[in-house]
2 protein chains.
Amino acid sequence: MRLSTKGRYAVTAMLDLALNGTQGPVTLADISENQGISLSYLEQLFAALRSKGLVRGVRGPGGGYYLGRDSDEISIADIICAVDEWVEFTRCKGRQNCQDGQRCLTHNLWDDLSQQIFIFLTDITLHDLVQRGEAREAERREKKASSQVVGLKTQAA
Amino acid sequence: MRLSTKGRYAVTAMLDLALNGTQGPVTLADISENQGISLSYLEQLFAALRSKGLVRGVRGPGGGYYLGRDSDEISIADIICAVDEWVEFTRCKGRQNCQDGQRCLTHNLWDDLSQQIFIFLTDITLHDLVQRGEAREAERREKKASSQVVGLKTQAA
DNA sequence: GCAATTACCCAGTAATTTGCTCGGGAAAGA
DNA sequence: TCTTTCCCGAGCAAATTACTGGGTAATTGC
């Protein structure tokens with residue numbers, strides 16, 4: 001599945017911002033190069049993100065983008081909604097041709113499911129992702145170090 | 001967000017099958033009318049679903065489609081993967097230009113996230129959805145009944 | 001055997017979305 | 001004033017979505 005590539009780009013860019021924006025703003029040119037996304041496309045995405053208050057732009061030299069609020073206040077759902085506008089309407093909604101119940105049940109079930117996915121994505125923040133990533137990174141370093149020790153031992157033996 | 005409309009159609013159609021396929025096969029024509037999806041488009045989707053063993057077709061009059069296995073053995077991820085082929089590759093994967101670590105970290109984080117979403121969708125089966133829907137339906141009937149009682153009471157008072 | 005009914009298959013295609021180029025501003029700092 | 005950045009909008013190629021229309025193959029009931 002794809003979960004919409006647009007949303008993927010937006011999440012990736014916001015992650016870049018969360019990682020690199022700790023000391024001063026990050027330029028779109030940087031993100032463009034880091035993530036391999038075209039500059040103009042990023043501009044379009046960030047226009048949407050800005051309009052929802054997820055990022056804050058600073059013009060002029062030394063400018064760039066900040067996160068609009070703390071990374072633990074920005075959920076993945078926020079980001080994806082900003083660029084993708086989560087309009088999940090069923091076909092019959094509001095129409096009169098949905099009285100037999102059966103087909104409405106199907107639609108309700110789908111609505112429930114997409115609601116669940118939404119809640120799931122609302123629970124994950126940028127901060128969560130960064131932290132989990134760091135934890136995993138540390139774990140990896142740990143493992144690498146211990147395997148190096150083992151390697152030395154086996155070499156010695 | 002959209003999580004790909006193709007997947008939505010497929011899940012909706014499979015739900016229709018789970019609901020109506022208890023006594024005999026369901027024709028694509030029925031699903032087409034119930035869900036408002038074009039017949040030929042359904043055929044395409046079902047070709048993919050069939051190739052993954054999620055549905056089983058029966059030809060001839062009185063024919064149609066069955067679920068390929070029990071509804072509690074079919075996850076939402078199964079369905080979406082069948083029609084959408086979940087190829088979630090990062091841009092730099094395998095290339096040599098990913099040595100600085102920073103950009104790979106972003107990609108790893110995204111990978112982790114999409115992995116989590118996948119696991120989430122793997123945990124939800126068609127059976128779950130139908131059951132939850134029925135439970136909610138029953139709850140609604142309960143409420144309606146009790147509010148009717150209240151209504152009668154207030155009318156009586 | 002024949003007609004009807006269904007799944008199955010494939011080629012084409014309009015509409016939409018994606019991801020991008022280009023061309024220009026407007027604000028802010030050197 | 002010049003450069004650097006954000007900002008804005010028109011246009012556009014490629015891909016994807018959703019559909020139309022042309023079949024063929026199996027199965028059922030007559």
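Throughout, protein chains are lettered first and strands after them, A, B, ... in sequence-line order, and every chain is numbered starting at 1. Hydrogens, waters and symmetry mates play no part in the numbers below; they use all other heavy atoms, side chains included. The model shown is predicted, which means the values in this text are computed figures rather than measured ones.
Checking side-chain atoms of B:Asp112 against main-chain N and O of B:Leu109 turns up no donor-acceptor pair under 3.5 Å.
Among the heavy atoms of the strands lying under 4.0 Å from A:Leu28 are primed sugar atoms or P, OP1, OP2 only; no base atom is included. Nucleic acid contact class of A:Thr27 (heavy atoms, under 4.0 Å, all strands): sugar-phosphate only.
Proximity of B:Ile79 to B:Leu121: side-chain heavy atoms (C-beta onward) are nowhere separated by under 4.5 Å.
When rounded to the nearest whole Å, the span between CD1 of B:Ile80 and C1' of D:dT17 equals 16 Å. Across the protein-nucleic acid pair, B:Arg56 atom CZ and C:dC8 atom C1' stand 16 Å apart, rounded to whole Å. Rounded to a whole Å, the NZ atom of B:Lys6 is 12 Å from the P atom of D:dC19. Atom CG of B:Leu39 is separated from atom P of D:dC19 by 11 Å (rounded to the nearest Å). Distance OH (B:Tyr9) to C1' (D:dA18): 7 Å, rounded to an integer number of Å. The CG atom of A:Leu42 sits 13 Å away from the P atom of D:dC7 (whole-angstrom rounding). Nucleotide C:dA7 holds its P atom 13 Å from the CG atom of B:Leu49, rounded to whole Å. Atom-to-atom, CG of B:Leu45 to P of D:dT20 comes out at 14 Å; the value is rounded to the nearest Å.
Classification of the B:Phe46-B:Tyr65 ring pair by plane angle, with boundaries at 30° and 60°, yields tilted.
Closest contact between the side chain of A:Arg59 and the listed nucleotides D:dA18, D:dC6, C:dT21 involves D:dC6. The nucleotide whose nearest atom lies closest to any side-chain atom of A:Gln44 is, among C:dT21, D:dT20, C:dG29, C:dT21. Residue B:Glu43 places its side chain closer to C:dC9 than to any other of D:dT20, C:dC9, C:dG29.
Between B:Tyr41 and D:dC19 there is no side-chain N or O to OP1 or OP2 distance below 4.0 Å. At the phosphate of C:dC8, OP1 or OP2 sits under 4.0 Å from a side-chain N or O atom of B:Arg50. One finds a side-chain N or O of A:Tyr65 lying less than 4.0 angstrom from the OP1 or OP2 phosphate oxygen of D:dC7.
Between B:Asp78 and B:Arg69 there is a salt bridge, since a side-chain N of the basic residue sits under 4.0 Å from a carboxylate O of the acidic one.
Mapped onto DNA chain D by nearest heavy atom, A:Ala47 and A:Gly62 fall at different nucleotides, with A:Gly62 at the one closer to the 5' end.
Side-chain contact check for B:Asn20 and B:Asp16: at least one donor-acceptor pair (N or O, by modelled atom type) lies under 3.5 Å.
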